[in-house]
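Every number for a ligand or one of its atoms is a count from 1 in the order of the listing.
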Amino acid sequence: MLDYVTDKVQDESRQGEAFLPFTGDHNNYKKRFYIESYGCQMNFADSEIVASILNKEGFGATRNVENADLIFINTCSIREKAEQTVRKRLTEFKKLKDQNRGMLIGVLGCMAERLKSKFLEEEKLVDIVVGPDAYRSLPGLVEEAEGGQKAVNVLLSRDETYADISPVRLNSNGVSAFVSIMRGCNNMCSFCVVPFTRGRERSRDADSIIKECSELFENGFREVTLLGQNVDSYYWQPPLTPPLGENNPQPLLDENISNNGNTLKIEVSVMVASPFGGGREEAITFAKLLEKVALISPLLRVRFSTSHPKDITDDVLHTMAKSKNICSYIHLPVQSGSTRILQLMNRTYTREWYMGKIDRIREIIPDCGISSDIIAGFCTETEEDHRDTLNIMEYGKYDMSYMFFYSERPGTLAQRRYKDDIPVATKKRRLQEIVDVQSKLSFESNKKDIGKVFEVLIEGDSKRSDKDWMGRTSQNKVIVFPKENNELKKGEYVMVKVNDCTQATLLGTIIN
Ligand code: 5AD
Ligand code: SF4
(Lines give C-alpha, C1' and ligand atoms only; values in the text may rest on other atoms or scores of the structure.)
(Ligands and ions follow the chains in the order given, each with its own letter.)
Protein backbone atom coordinates (compact mmCIF):
# COMPACT_ATOMS: atom_id res chain seq x y z
CA MET A 1 0.00 0.00 0.00
CA LEU A 2 2.68 2.47 0.98
CA ASP A 3 4.60 1.96 -2.23
CA TYR A 4 1.49 2.97 -4.07
CA VAL A 5 0.84 6.09 -2.06
CA THR A 6 4.43 7.26 -1.98
CA ASP A 7 4.24 8.08 -5.65
CA LYS A 8 0.59 8.86 -5.90
CA VAL A 9 0.04 11.07 -8.89
CA GLN A 10 -2.97 12.82 -10.40
CA ASP A 11 -4.42 9.77 -12.09
CA GLU A 12 -2.61 6.62 -11.07
CA SER A 13 -4.52 4.42 -13.51
CA ARG A 14 -3.26 6.42 -16.50
CA GLN A 15 0.46 6.51 -15.71
CA GLY A 16 2.54 5.28 -18.62
CA GLU A 17 -0.51 5.10 -20.86
CA ALA A 18 0.35 4.89 -24.53
CA PHE A 19 -1.75 6.13 -27.42
CA LEU A 20 -3.98 4.03 -29.60
CA PRO A 21 -3.35 4.42 -33.31
CA PHE A 22 -5.41 7.15 -34.93
CA THR A 23 -8.83 6.17 -36.13
CA GLY A 24 -8.68 5.55 -39.82
CA ASP A 25 -4.98 4.82 -39.40
CA HIS A 26 -3.35 3.80 -42.66
CA ASN A 27 0.04 2.79 -43.90
CA ASN A 28 0.89 6.08 -45.59
CA TYR A 29 2.61 7.58 -42.61
CA LYS A 30 6.27 8.35 -43.14
CA LYS A 31 7.12 7.39 -39.56
CA ARG A 32 5.38 5.90 -36.56
CA PHE A 33 5.65 7.33 -33.09
CA TYR A 34 4.92 5.86 -29.73
CA ILE A 35 4.24 8.16 -26.79
CA GLU A 36 4.05 7.30 -23.13
CA SER A 37 2.88 9.87 -20.58
CA TYR A 38 3.54 10.36 -16.88
CA GLY A 39 2.43 12.91 -14.32
CA CYS A 40 -0.50 15.28 -14.13
CA GLN A 41 -3.52 15.64 -16.40
CA MET A 42 -1.80 18.59 -18.05
CA ASN A 43 0.91 16.25 -19.31
CA PHE A 44 -1.68 13.90 -20.79
CA ALA A 45 -3.34 16.89 -22.47
CA ASP A 46 0.07 17.98 -23.79
CA SER A 47 0.67 14.54 -25.30
CA GLU A 48 -2.52 15.06 -27.31
CA ILE A 49 -1.08 18.35 -28.61
CA VAL A 50 2.19 16.62 -29.48
CA ALA A 51 0.24 13.89 -31.30
CA SER A 52 -1.60 16.56 -33.28
CA ILE A 53 1.62 18.38 -34.26
CA LEU A 54 3.28 15.14 -35.34
CA ASN A 55 0.20 13.89 -37.18
CA LYS A 56 0.07 17.07 -39.30
CA GLU A 57 3.65 16.37 -40.35
CA GLY A 58 2.77 12.88 -41.56
CA PHE A 59 3.60 10.82 -38.50
CA GLY A 60 1.20 8.12 -37.30
CA ALA A 61 0.82 6.81 -33.76
CA THR A 62 1.40 3.24 -32.70
CA ARG A 63 0.66 1.54 -29.44
CA ASN A 64 3.36 -1.03 -30.03
CA VAL A 65 6.70 0.38 -28.98
CA GLU A 66 8.58 -2.21 -31.04
CA ASN A 67 6.97 -0.92 -34.25
CA ALA A 68 7.91 2.69 -33.52
CA ASP A 69 10.47 4.79 -35.36
CA LEU A 70 10.20 7.45 -32.69
CA ILE A 71 9.68 6.84 -28.99
CA PHE A 72 8.56 9.77 -26.86
CA ILE A 73 8.21 9.84 -23.14
CA ASN A 74 6.34 12.79 -21.67
CA THR A 75 7.81 13.18 -18.23
CA CYS A 76 7.06 14.51 -14.77
CA SER A 77 9.50 16.00 -12.26
CA ILE A 78 7.18 16.64 -9.37
CA ARG A 79 8.68 13.99 -7.10
CA GLU A 80 11.93 12.07 -7.24
CA LYS A 81 10.07 8.77 -7.63
CA ALA A 82 8.40 10.04 -10.83
CA GLU A 83 11.81 10.80 -12.31
CA GLN A 84 13.16 7.39 -11.31
CA THR A 85 10.28 5.66 -13.13
CA VAL A 86 11.10 7.60 -16.28
CA ARG A 87 14.80 6.76 -16.07
CA LYS A 88 13.96 3.08 -15.76
CA ARG A 89 11.74 3.28 -18.84
CA LEU A 90 14.47 5.11 -20.76
CA THR A 91 16.99 2.34 -20.15
CA GLU A 92 14.44 -0.17 -21.44
CA PHE A 93 13.90 1.95 -24.56
CA LYS A 94 17.67 2.26 -25.01
CA LYS A 95 17.89 -1.56 -25.21
CA LEU A 96 15.28 -1.53 -27.98
CA LYS A 97 17.20 1.17 -29.79
CA ASP A 98 20.39 -0.88 -29.61
CA GLN A 99 18.58 -3.56 -31.64
CA ASN A 100 17.07 -1.03 -34.04
CA ARG A 101 19.60 1.62 -35.00
CA GLY A 102 17.16 3.85 -36.88
CA MET A 103 15.00 4.36 -33.83
CA LEU A 104 15.01 7.76 -32.10
CA ILE A 105 14.16 8.43 -28.46
CA GLY A 106 12.81 11.77 -27.23
CA VAL A 107 12.20 13.12 -23.76
CA LEU A 108 9.38 15.65 -23.46
CA GLY A 109 7.90 17.66 -20.61
CA CYS A 110 9.09 18.66 -17.18
CA MET A 111 12.14 16.39 -16.87
CA ALA A 112 13.35 17.56 -20.27
CA GLU A 113 13.03 21.14 -19.04
CA ARG A 114 14.72 20.43 -15.72
CA LEU A 115 17.66 18.40 -16.99
CA LYS A 116 17.99 20.04 -20.40
CA SER A 117 20.91 18.72 -22.41
CA LYS A 118 22.20 16.61 -19.50
CA PHE A 119 20.21 13.76 -21.01
CA LEU A 120 22.09 14.05 -24.27
CA GLU A 121 25.55 14.91 -23.09
CA GLU A 122 26.10 12.94 -19.92
CA GLU A 123 23.67 10.10 -20.07
CA LYS A 124 23.53 9.56 -23.83
CA LEU A 125 20.18 7.90 -23.39
CA VAL A 126 18.19 10.00 -25.79
CA ASP A 127 18.30 11.83 -29.14
CA ILE A 128 15.73 14.57 -28.64
CA VAL A 129 14.94 16.78 -25.62
CA VAL A 130 11.92 19.09 -25.76
CA GLY A 131 10.48 21.25 -22.99
CA PRO A 132 6.73 21.90 -22.53
CA ASP A 133 6.71 25.18 -24.48
CA ALA A 134 8.65 23.92 -27.50
CA TYR A 135 6.43 21.22 -29.00
CA ARG A 136 5.87 23.16 -32.21
CA SER A 137 9.55 22.65 -33.00
CA LEU A 138 9.31 18.85 -32.67
CA PRO A 139 9.08 17.98 -36.39
CA GLY A 140 12.19 20.07 -37.08
CA LEU A 141 14.02 18.51 -34.15
CA VAL A 142 13.15 15.02 -35.39
CA GLU A 143 14.70 15.94 -38.74
CA GLU A 144 17.84 17.23 -37.01
CA ALA A 145 18.10 14.05 -34.96
CA GLU A 146 17.65 11.94 -38.09
CA GLY A 147 20.61 13.80 -39.54
CA GLY A 148 22.67 12.68 -36.55
CA GLN A 149 22.55 15.90 -34.57
CA LYS A 150 21.51 16.09 -30.97
CA ALA A 151 18.24 18.01 -30.94
CA VAL A 152 17.26 20.16 -27.96
CA ASN A 153 14.69 22.90 -27.43
CA VAL A 154 13.89 23.75 -23.84
CA LEU A 155 13.03 27.42 -24.30
CA LEU A 156 10.21 28.52 -22.07
CA SER A 157 7.77 30.99 -23.50
CA ARG A 158 5.75 33.86 -22.05
CA ASP A 159 2.90 33.40 -24.49
CA GLU A 160 2.77 29.87 -25.91
CA THR A 161 -0.64 28.30 -25.18
CA TYR A 162 -1.03 26.06 -28.27
CA ALA A 163 -4.41 27.80 -28.60
CA ASP A 164 -4.74 27.07 -32.30
CA ILE A 165 -3.84 23.38 -32.12
CA SER A 166 -6.71 20.89 -31.95
CA PRO A 167 -5.48 18.07 -29.76
CA VAL A 168 -5.82 14.56 -31.18
CA ARG A 169 -8.08 12.71 -28.74
CA LEU A 170 -6.50 9.34 -28.48
CA ASN A 171 -7.05 6.77 -25.80
CA SER A 172 -10.24 8.64 -25.04
CA ASN A 173 -13.50 7.11 -23.90
CA GLY A 174 -15.23 9.49 -26.32
CA VAL A 175 -17.19 11.01 -23.42
CA SER A 176 -14.79 13.12 -21.37
CA ALA A 177 -11.88 15.26 -22.48
CA PHE A 178 -9.32 17.58 -20.93
CA VAL A 179 -9.04 21.11 -22.26
CA SER A 180 -6.03 23.13 -21.28
CA ILE A 181 -6.98 26.75 -20.47
CA MET A 182 -3.68 28.08 -19.20
CA ARG A 183 -0.06 27.06 -18.80
CA GLY A 184 2.67 27.60 -16.23
CA CYS A 185 2.37 28.81 -12.66
CA ASN A 186 3.40 32.00 -10.85
CA ASN A 187 2.73 30.75 -7.36
CA MET A 188 6.11 29.58 -6.18
CA CYS A 189 4.96 27.10 -3.54
CA SER A 190 8.32 26.37 -1.96
CA PHE A 191 8.18 22.58 -2.47
CA CYS A 192 7.19 22.73 -6.13
CA VAL A 193 9.30 22.45 -9.25
CA VAL A 194 6.45 23.34 -11.65
CA PRO A 195 7.16 27.09 -11.92
CA PHE A 196 10.68 26.15 -13.06
CA THR A 197 9.69 23.44 -15.53
CA ARG A 198 6.53 24.98 -16.95
CA GLY A 199 7.42 28.64 -16.71
CA ARG A 200 5.31 31.76 -16.21
CA GLU A 201 1.58 31.59 -16.04
CA ARG A 202 -0.36 32.56 -19.18
CA SER A 203 -4.02 32.19 -20.11
CA ARG A 204 -5.26 30.84 -23.38
CA ASP A 205 -7.52 32.85 -25.69
CA ALA A 206 -11.08 32.28 -24.42
CA ASP A 207 -12.58 32.04 -27.92
CA SER A 208 -10.27 29.15 -28.78
CA ILE A 209 -11.32 27.37 -25.57
CA ILE A 210 -15.03 27.80 -26.35
CA LYS A 211 -14.41 26.61 -29.90
CA GLU A 212 -12.55 23.51 -28.73
CA CYS A 213 -15.25 22.65 -26.18
CA SER A 214 -18.05 23.22 -28.74
CA GLU A 215 -16.31 20.92 -31.21
CA LEU A 216 -15.89 18.27 -28.56
CA PHE A 217 -19.62 18.49 -27.81
CA GLU A 218 -20.49 18.25 -31.50
CA ASN A 219 -18.28 15.16 -31.71
CA GLY A 220 -20.24 13.42 -28.98
CA PHE A 221 -18.19 14.34 -25.91
CA ARG A 222 -20.31 15.14 -22.87
CA GLU A 223 -17.76 16.30 -20.29
CA VAL A 224 -14.86 18.72 -20.42
CA THR A 225 -12.35 19.32 -17.64
CA LEU A 226 -10.74 22.74 -17.89
CA LEU A 227 -7.12 22.37 -16.88
CA GLY A 228 -4.59 24.72 -15.37
CA GLN A 229 -2.14 24.68 -12.46
CA ASN A 230 -4.22 27.44 -10.89
CA VAL A 231 -7.45 27.90 -12.84
CA ASP A 232 -8.78 30.68 -10.60
CA SER A 233 -6.17 33.08 -11.89
CA TYR A 234 -7.33 32.56 -15.48
CA TYR A 235 -7.62 36.01 -17.06
CA TRP A 236 -7.93 36.83 -20.70
CA GLN A 237 -8.25 40.29 -22.11
CA PRO A 238 -9.60 40.26 -25.67
CA PRO A 239 -7.52 42.45 -28.01
CA LEU A 240 -8.62 45.99 -28.75
CA THR A 241 -10.97 46.25 -31.70
CA PRO A 242 -10.59 49.14 -34.16
CA PRO A 243 -13.27 51.89 -34.28
CA LEU A 244 -16.59 50.78 -35.72
CA GLY A 245 -16.92 51.42 -39.41
CA GLU A 246 -17.95 49.82 -42.63
CA ASN A 247 -15.27 47.18 -42.39
CA ASN A 248 -15.92 46.57 -38.78
CA PRO A 249 -19.64 46.06 -38.23
CA GLN A 250 -21.22 46.14 -34.79
CA PRO A 251 -20.42 42.79 -33.15
CA LEU A 252 -23.32 40.44 -32.78
CA LEU A 253 -24.58 40.37 -29.25
CA ASP A 254 -25.63 36.76 -29.47
CA GLU A 255 -23.64 34.10 -31.19
CA ASN A 256 -25.61 31.04 -32.21
CA ILE A 257 -24.33 27.53 -32.17
CA SER A 258 -26.31 24.70 -33.60
CA ASN A 259 -26.19 21.31 -31.96
CA ASN A 260 -28.23 18.56 -33.55
CA GLY A 261 -30.74 21.06 -34.82
CA ASN A 262 -31.15 22.83 -31.47
CA THR A 263 -30.03 26.40 -31.65
CA LEU A 264 -28.41 27.66 -28.50
CA LYS A 265 -27.44 31.16 -27.60
CA ILE A 266 -24.02 30.90 -26.17
CA GLU A 267 -22.57 34.28 -25.71
CA VAL A 268 -23.30 37.84 -24.88
CA SER A 269 -20.29 40.07 -25.46
CA VAL A 270 -20.15 43.39 -23.70
CA MET A 271 -18.29 46.14 -25.48
CA VAL A 272 -16.59 48.67 -23.30
CA ALA A 273 -16.40 52.13 -24.85
CA SER A 274 -12.96 53.39 -25.66
CA PRO A 275 -12.01 57.08 -25.86
CA PHE A 276 -10.52 56.33 -29.29
CA GLY A 277 -13.84 55.28 -30.73
CA GLY A 278 -12.95 51.58 -30.84
CA GLY A 279 -13.92 49.08 -28.18
CA ARG A 280 -12.56 46.46 -25.89
CA GLU A 281 -14.54 43.44 -24.85
CA GLU A 282 -14.83 42.81 -21.15
CA ALA A 283 -11.96 40.75 -19.72
CA ILE A 284 -12.74 37.09 -19.17
CA THR A 285 -12.19 35.83 -15.63
CA PHE A 286 -12.38 32.17 -14.69
CA ALA A 287 -15.99 32.57 -13.50
CA LYS A 288 -16.93 34.11 -16.83
CA LEU A 289 -15.12 31.39 -18.77
CA LEU A 290 -16.91 28.68 -16.79
CA GLU A 291 -20.23 30.31 -17.57
CA LYS A 292 -19.43 30.53 -21.26
CA VAL A 293 -18.38 26.89 -21.48
CA ALA A 294 -21.45 25.80 -19.52
CA LEU A 295 -23.68 27.67 -21.98
CA ILE A 296 -22.46 25.56 -24.91
CA SER A 297 -25.09 22.97 -23.97
CA PRO A 298 -26.91 21.88 -20.83
CA LEU A 299 -25.84 18.37 -21.86
CA LEU A 300 -22.14 19.22 -21.54
CA ARG A 301 -20.76 18.70 -18.07
CA VAL A 302 -18.03 21.12 -17.04
CA ARG A 303 -15.30 20.32 -14.53
CA PHE A 304 -12.06 22.10 -13.71
CA SER A 305 -8.80 21.55 -11.90
CA THR A 306 -6.84 22.78 -9.94
CA SER A 307 -8.15 25.52 -7.62
CA HIS A 308 -5.89 27.42 -5.28
CA PRO A 309 -7.57 28.22 -1.92
CA LYS A 310 -6.18 31.76 -2.02
CA ASP A 311 -7.71 32.49 -5.43
CA ILE A 312 -11.06 30.73 -5.70
CA THR A 313 -13.71 33.46 -5.69
CA ASP A 314 -17.34 33.67 -4.60
CA ASP A 315 -18.03 34.52 -8.22
CA VAL A 316 -16.84 31.06 -9.25
CA LEU A 317 -18.87 29.42 -6.47
CA HIS A 318 -22.05 31.33 -7.45
CA THR A 319 -21.51 30.46 -11.12
CA MET A 320 -21.23 26.80 -10.13
CA ALA A 321 -24.33 27.00 -7.96
CA LYS A 322 -26.48 28.49 -10.69
CA SER A 323 -25.31 26.28 -13.58
CA LYS A 324 -26.62 22.76 -13.30
CA ASN A 325 -24.07 21.40 -15.75
CA ILE A 326 -21.02 22.78 -13.91
CA CYS A 327 -20.21 19.82 -11.68
CA SER A 328 -20.43 20.21 -7.91
CA TYR A 329 -16.87 19.25 -7.28
CA ILE A 330 -13.78 21.23 -6.31
CA HIS A 331 -10.22 20.00 -6.02
CA LEU A 332 -8.88 22.35 -3.33
CA PRO A 333 -5.41 21.20 -2.24
CA VAL A 334 -4.66 22.07 1.38
CA GLN A 335 -1.08 20.63 1.42
CA SER A 336 -0.85 21.00 5.21
CA GLY A 337 -3.17 21.85 8.10
CA SER A 338 -0.56 23.81 10.04
CA THR A 339 -0.33 27.57 9.52
CA ARG A 340 3.39 27.50 10.31
CA ILE A 341 4.06 24.84 7.65
CA LEU A 342 1.76 26.57 5.16
CA GLN A 343 3.86 29.66 5.61
CA LEU A 344 7.08 27.72 4.95
CA MET A 345 5.39 26.22 1.91
CA ASN A 346 4.59 29.75 0.70
CA ARG A 347 0.95 28.81 0.22
CA THR A 348 -0.08 32.35 1.32
CA TYR A 349 -3.11 31.25 3.37
CA THR A 350 -3.56 30.17 6.96
CA ARG A 351 -5.34 27.15 8.38
CA GLU A 352 -8.29 29.41 9.31
CA TRP A 353 -8.47 30.97 5.86
CA TYR A 354 -8.64 27.50 4.31
CA MET A 355 -11.36 26.42 6.73
CA GLY A 356 -13.27 29.59 5.85
CA LYS A 357 -13.12 28.60 2.17
CA ILE A 358 -14.52 25.15 2.98
CA ASP A 359 -17.38 26.85 4.90
CA ARG A 360 -18.06 29.17 1.99
CA ILE A 361 -18.16 26.30 -0.52
CA ARG A 362 -20.61 24.37 1.68
CA GLU A 363 -22.73 27.49 2.15
CA ILE A 364 -23.02 28.31 -1.56
CA ILE A 365 -22.94 24.75 -2.98
CA PRO A 366 -24.24 22.49 -0.19
CA ASP A 367 -23.82 19.23 -2.16
CA CYS A 368 -20.28 20.02 -3.36
CA GLY A 369 -17.69 17.24 -3.44
CA ILE A 370 -14.27 18.38 -2.23
CA SER A 371 -10.90 16.72 -2.68
CA SER A 372 -7.37 17.68 -1.68
CA ASP A 373 -3.63 17.20 -2.10
CA ILE A 374 -1.65 16.62 1.08
CA ILE A 375 2.08 16.48 1.73
CA ALA A 376 3.42 14.61 4.78
CA GLY A 377 6.76 15.42 6.37
CA PHE A 378 7.60 18.81 4.91
CA CYS A 379 10.74 20.48 6.36
CA THR A 380 10.54 21.00 10.17
CA GLU A 381 7.06 19.40 10.45
CA THR A 382 6.37 18.43 14.07
CA GLU A 383 3.90 15.86 15.38
CA GLU A 384 1.64 18.76 16.29
CA ASP A 385 1.77 20.14 12.74
CA HIS A 386 0.99 16.65 11.49
CA ARG A 387 -2.03 16.40 13.82
CA ASP A 388 -3.22 19.75 12.43
CA THR A 389 -3.17 18.15 8.99
CA LEU A 390 -5.14 15.11 10.18
CA ASN A 391 -7.80 17.27 11.75
CA ILE A 392 -8.14 19.73 8.89
CA MET A 393 -8.88 16.65 6.76
CA GLU A 394 -11.73 15.83 9.14
CA TYR A 395 -12.90 19.45 8.84
CA GLY A 396 -12.81 19.31 5.02
CA LYS A 397 -14.53 15.88 5.02
CA TYR A 398 -12.70 15.21 1.78
CA ASP A 399 -14.25 12.70 -0.57
CA MET A 400 -10.82 11.92 -1.93
CA SER A 401 -7.21 13.07 -1.61
CA TYR A 402 -3.92 12.69 -3.41
CA MET A 403 -1.39 12.08 -0.67
CA PHE A 404 2.39 12.28 -0.86
CA PHE A 405 5.38 12.46 1.35
CA TYR A 406 7.69 15.39 0.80
CA SER A 407 10.35 14.85 -1.80
CA GLU A 408 12.98 17.56 -2.08
CA ARG A 409 13.30 18.94 -5.60
CA PRO A 410 16.47 20.60 -6.86
CA GLY A 411 16.22 24.34 -7.42
CA THR A 412 13.01 24.87 -5.46
CA LEU A 413 12.72 27.50 -2.73
CA ALA A 414 12.48 24.78 -0.07
CA GLN A 415 15.60 23.05 -1.30
CA ARG A 416 17.52 26.33 -1.16
CA ARG A 417 16.13 27.55 2.15
CA TYR A 418 15.25 24.62 4.39
CA LYS A 419 16.73 21.34 5.46
CA ASP A 420 14.82 18.22 4.43
CA ASP A 421 15.03 17.10 8.05
CA ILE A 422 12.18 14.64 8.57
CA PRO A 423 13.44 11.03 8.48
CA VAL A 424 11.94 8.92 5.70
CA ALA A 425 10.46 6.48 8.24
CA THR A 426 8.63 9.36 9.96
CA LYS A 427 7.40 10.71 6.62
CA LYS A 428 6.07 7.28 5.70
CA ARG A 429 4.39 6.76 9.05
CA ARG A 430 2.70 10.16 8.87
CA LEU A 431 1.66 9.53 5.29
CA GLN A 432 0.11 6.22 6.32
CA GLU A 433 -1.86 8.01 9.05
CA ILE A 434 -3.08 10.52 6.47
CA VAL A 435 -4.06 7.68 4.13
CA ASP A 436 -5.95 5.96 6.97
CA VAL A 437 -7.93 9.12 7.78
CA GLN A 438 -8.73 9.62 4.09
CA SER A 439 -9.91 6.01 3.71
CA LYS A 440 -12.26 6.52 6.64
CA LEU A 441 -13.53 9.86 5.25
CA SER A 442 -14.09 8.45 1.75
CA PHE A 443 -16.04 5.52 3.13
CA GLU A 444 -18.13 7.79 5.38
CA SER A 445 -18.84 10.13 2.49
CA ASN A 446 -19.92 7.23 0.27
CA LYS A 447 -22.12 5.71 2.98
CA LYS A 448 -23.96 9.04 3.27
CA ASP A 449 -24.98 8.68 -0.38
CA ILE A 450 -26.80 5.38 0.17
CA GLY A 451 -30.50 5.89 -0.59
CA LYS A 452 -29.86 9.05 -2.66
CA VAL A 453 -30.52 9.39 -6.40
CA PHE A 454 -27.89 10.94 -8.68
CA GLU A 455 -27.76 11.99 -12.29
CA VAL A 456 -24.94 9.93 -13.76
CA LEU A 457 -23.02 10.41 -16.99
CA ILE A 458 -22.25 6.96 -18.40
CA GLU A 459 -18.55 6.64 -19.30
CA GLY A 460 -18.51 3.01 -20.43
CA ASP A 461 -18.55 -0.57 -19.21
CA SER A 462 -17.46 -1.15 -15.64
CA LYS A 463 -13.94 -2.55 -15.29
CA ARG A 464 -15.23 -5.80 -13.80
CA SER A 465 -18.15 -6.68 -16.08
CA ASP A 466 -19.64 -5.60 -19.39
CA LYS A 467 -23.05 -6.25 -17.84
CA ASP A 468 -22.54 -3.14 -15.68
CA TRP A 469 -22.12 0.52 -16.58
CA MET A 470 -19.55 2.83 -14.98
CA GLY A 471 -20.26 6.53 -14.67
CA ARG A 472 -19.74 9.50 -12.39
CA THR A 473 -21.95 11.68 -10.27
CA SER A 474 -21.64 15.44 -10.45
CA GLN A 475 -19.48 15.17 -7.30
CA ASN A 476 -16.99 13.08 -9.32
CA LYS A 477 -17.74 9.82 -7.51
CA VAL A 478 -17.49 6.64 -9.54
CA ILE A 479 -20.74 4.68 -9.61
CA VAL A 480 -21.31 1.19 -11.01
CA PHE A 481 -24.76 -0.17 -11.84
CA PRO A 482 -26.34 -3.04 -13.84
CA LYS A 483 -27.31 -2.24 -17.46
CA GLU A 484 -30.66 -4.02 -17.02
CA ASN A 485 -31.42 -4.36 -20.75
CA ASN A 486 -31.97 -0.62 -21.07
CA GLU A 487 -31.22 0.93 -24.45
CA LEU A 488 -28.62 3.24 -22.92
CA LYS A 489 -25.30 4.20 -24.44
CA LYS A 490 -22.15 5.70 -23.06
CA GLY A 491 -22.33 9.49 -23.09
CA GLU A 492 -25.95 9.41 -21.92
CA TYR A 493 -27.36 10.58 -18.61
CA VAL A 494 -29.32 8.32 -16.33
CA MET A 495 -30.79 8.59 -12.84
CA VAL A 496 -29.23 6.04 -10.49
CA LYS A 497 -30.15 5.21 -6.91
CA VAL A 498 -27.28 4.27 -4.60
CA ASN A 499 -27.90 0.99 -2.75
CA ASP A 500 -24.46 0.18 -1.44
CA CYS A 501 -20.83 1.31 -1.61
CA THR A 502 -17.22 0.47 -1.06
CA GLN A 503 -14.64 3.01 0.03
CA ALA A 504 -13.92 3.89 -3.59
CA THR A 505 -17.15 3.21 -5.47
CA LEU A 506 -20.90 3.71 -5.22
CA LEU A 507 -23.10 0.80 -6.29
CA GLY A 508 -26.57 1.52 -7.60
CA THR A 509 -29.54 0.69 -9.79
CA ILE A 510 -31.18 2.67 -12.59
CA ILE A 511 -34.46 4.29 -11.65
CA ASN A 512 -37.05 5.40 -14.15
N1 5AD B 1 6.98 16.55 -2.74
C2 5AD B 1 5.81 15.92 -2.53
N3 5AD B 1 4.67 16.27 -3.12
C4 5AD B 1 4.70 17.32 -3.97
N5 5AD B 1 3.74 17.92 -4.69
C6 5AD B 1 4.29 18.91 -5.40
N7 5AD B 1 5.61 18.99 -5.15
C8 5AD B 1 5.89 18.01 -4.25
C9 5AD B 1 7.07 17.59 -3.59
N10 5AD B 1 8.23 18.20 -3.79
C11 5AD B 1 2.33 17.53 -4.65
C12 5AD B 1 1.45 18.67 -4.14
C13 5AD B 1 0.78 19.13 -5.40
C14 5AD B 1 0.66 17.85 -6.16
C15 5AD B 1 0.40 17.99 -7.63
O16 5AD B 1 1.90 17.22 -5.95
O17 5AD B 1 0.54 18.14 -3.23
O18 5AD B 1 -0.48 19.72 -5.16
FE1 SF4 C 1 3.19 23.96 -7.81
FE2 SF4 C 1 1.93 25.60 -6.10
FE3 SF4 C 1 1.90 26.12 -8.75
FE4 SF4 C 1 0.51 24.02 -7.78
S5 SF4 C 1 0.12 26.19 -7.30
S6 SF4 C 1 1.87 24.03 -9.61
S7 SF4 C 1 1.82 23.32 -6.13
S8 SF4 C 1 3.71 26.13 -7.42
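In terms of polar-atom proximity, defined here as any N/O pair under 3.5 Å, Tyr406 makes no such contact with ligand 1. Considering backbone and side-chain N/O of Phe191, one or more are found under 3.5 Å from N/O of ligand 1.
Of all protein heavy atoms, the one closest to atom 5 (S) of ligand 2 is Asn187 ND2, 3.4 Å. Summary of contacts: the protein heavy atom closest to atom 4 (Fe) of ligand 2 is Gln229 O, 4.3 Å. Residue, atom and distance of the protein heavy atom nearest to atom 8 (S) of ligand 2 are Cys189 N, 3.5 Å. If you check which protein heavy atom lies closest to atom 1 (Fe) of ligand 2, you get Cys192 SG, 2.3 Å.
The contact set between ligand 1 and Arg409, taken as ligand atoms under 4.0 Å from a residue heavy atom, comprises 10 (N). Counting the atoms of ligand 1 from 1 in the order shown, those under 4.0 Å from a heavy atom of Phe405 are 1 (N), 2 (C). Heavy-atom contacts of Gln335 reach the following atoms of ligand 1: 12 (C), 13 (C), 17 (O), 18 (O) (cutoff under 4.0 Å). Near Arg79, meaning under 4.0 Å from any of its heavy atoms, are these atoms of ligand 1: 1 (N), 2 (C), 3 (N), 4 (C), 5 (N), 11 (C), 16 (O). Close contacts of ligand 1 with Ile375, meaning ligand atoms under 4.0 Å from a residue heavy atom, involve 3 (N), 4 (C), 5 (N), 12 (C), 17 (O).
Of all the heavy atoms of Pro195, the ones lying under 4.0 Å from any atom of ligand 2 belong exclusively to the side chain. Only the side chain of Phe404 comes within contact range of ligand 1, with a heavy atom under 4.0 Å; no backbone atom does. Contacts with ligand 2 closer than 4.0 Å are made by no heavy atom of Met345, backbone or side chain.
Each of Asn230, Val231, Asp315 was checked for a side chain to side chain contact (heavy atoms under 4.5 Å, CB included) with Phe286, and the lone residue meeting it is Val231. Between Asp133 and the options Arg200, Arg202, Arg198, Arg158, a salt bridge (charged side-chain N to carboxylate O under 4.0 Å, His left out) holds for only Arg202.
Residue contact annotation: Arg198 has no non-hydrogen atom under 4.0 Å from ligand 2.
Counting heavy atoms from C-beta on, the side chains of Ser157 and Arg183 never come closer than 4.5 Å. You'll find the side chain of Tyr162 stays beyond 4.5 Å of the side chain of Ser52, heavy atoms only. The shortest side-chain heavy-atom distance between Lys357 and Tyr349 does not fall under the 4.5 Å cut-off.
At least one donor-acceptor pair under 3.5 Å links the side chain of Tyr354 to the backbone N or O of Leu332. Listed for the Trp353 side chain is no donor-acceptor partner under 3.5 Å among the backbone atoms of Thr348.
No hydrogens or angles considered: nothing links the side chains of Asn325 and Arg222 as a donor-acceptor pair under 3.5 Å. Side-chain contact of Asn153 with Arg136: a donor-acceptor pair under 3.5 Å is absent, judged by distance alone.
A 6.0 Å sphere centred on NZ of Lys324 holds no more than 12 heavy atoms belonging to other residues, nucleotides or ligands.
Not one N/O/S atom of Cys185, from backbone or side chain, sits under 2.8 Å from atom 1 (Fe) of ligand 2.
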